[in-house]
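Let me begin by presenting the structure, written as C-alpha cells, before commenting on it.
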Amino acid sequence: QVQLVESGGGLVQAGGSLRLSCAASGSIFRINTMGWYRQAPGNQRELVATVTSGGSTSLGDSVTGRFTISRDNAKNTVYLQMNSLKPEDTAVYYCYVNAVRQWGYPGRDYWGQGTQVTVSS
C-alpha cells in the first residue's frame, strides 16, 4: 500500500502564511503527479495545485499568485506554500498522489487524511 502523511495545517490570520507537507511511503515504484485539493463545508472538493514528476505545475485560479507547489522526489514529498491567505482559503486540504507500485502496472490515485487550514479575518 501507499501511505500519505500530511502536516502543516493550522490557524492563521488573514494575510499570513502556512506551508503544508505530504510525505508518501510504502511500496512505491514511481510517483507521477502529486498535488493538493481542498474542500470547504458545503462545497465540492476543488483542485488547488498539482506538480508532475518532471516539475510542471498547475494552480487553481483562486490561488494563482499566492500559492506555490513543489516536490522533493528523493523524499517522495510534496509541499504547498500558501501566502497572503484569505478567509475563503479555509478548508480541509487533501494531499493526492498518483503512484505506480510495480513496473508495468498503471498508476493509482491515493489520498491523504486531510489537514485543516483555518484563516481568520
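For the numbers below, each heavy atom of this structure counts, side chains included, while hydrogens, waters and symmetry mates do not.
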Q | Results of side chain to side chain donor-acceptor pair (under 3.5 Å) for R30 - residues two or more places apart only | A |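 N32.
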
Q: Under the side chain to side chain donor-acceptor pair (under 3.5 Å) rule, collect the residues that match up with S62, sequence neighbours excluded.
A: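 Residues passing side chain to side chain donor-acceptor pair (under 3.5 Å) with S62: R38.
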
Q) Where is the tightest heavy-atom contact between R66 and L85, given as atom of each residue plus distance? A)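 In terms of heavy atoms, the two residues are closest at NH1-CA, 3.9 Å.
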
Q | Where A24 and L4 come nearest, the two heavy atoms and their spacing | A |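 Between these two residues, the closest heavy atoms are CB-CD2, 3.4 Å.
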
Looking at [X] and [Y], would you say the former's side chain and the latter's main chain have a donor-acceptor pair under 3.5 Å?
X: Q13; Y: S120; value: no
X: S56; Y: T52; value: no
X: T90; Y: V119; value: yes
X: R45; Y: A40; value: no

Q) Side chains of V51 and V78: does their closest heavy-atom pair fall under 4.5 Å? A)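 Result yes, sub-4.5 Å side-chain heavy-atom pair found.
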
Q: Could you check if a side-chain atom of Q113 sits within less than 4.5 angstrom of a side-chain atom of E6, using non-hydrogen atoms only?
A: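 Touching, per the 4.5 Å side-chain cut-off.
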
What's the separation between atom [atom1] in [X] and atom [atom2] in [Y], rounded to the nearest 0.5 Å?
X: T118; Y: D89; atom1: OG1; atom2: CG; answer: 11.0 Å
X: S17; Y: Q81; atom1: OG; atom2: CD; answer: 5.5 Å
X: Y110; Y: Q3; atom1: OH; atom2: CD; answer: 9.5 Å
X: Q1; Y: I28; atom1: CD; atom2: CD1; answer: 10.5 Å
X: D109; Y: Y96; atom1: CG; atom2: OH; answer: 4.0 Å

Q: With L20 as reference, evaluate I69, V117, V48 under the side chain to side chain contact (heavy atoms under 4.5 Å, CB included) test and give the passing residue.
A: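 Among I69, V117, V48, the one that satisfies the side chain to side chain contact (heavy atoms under 4.5 Å, CB included) with L20 is V117.
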
**Q.** Same apolar cluster: W36 and V2, side chain cutoff 4.5 Å
**A.**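 W36 and V2: one cluster.
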
(Q) Both conditions, 6.0 Å and 45 degrees, for the charged tip of R71 above the ring of Y79: are they met here? (A)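 No, a cation-pi geometry is absent between R71 and Y79.
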
Q) Regarding T77 and D72, is there a side-chain donor-to-acceptor distance under 3.5 Å anywhere? A)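 T77 vs D72: no donor-acceptor pair found between side chains.
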
Q) Once the angle between the rings of W111 and Y94 is folded into 0 to 90°, is it parallel (under 30°), tilted (30 to 60°) or perpendicular (over 60°)? A)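 W111 vs Y94 ring planes: perpendicular.
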
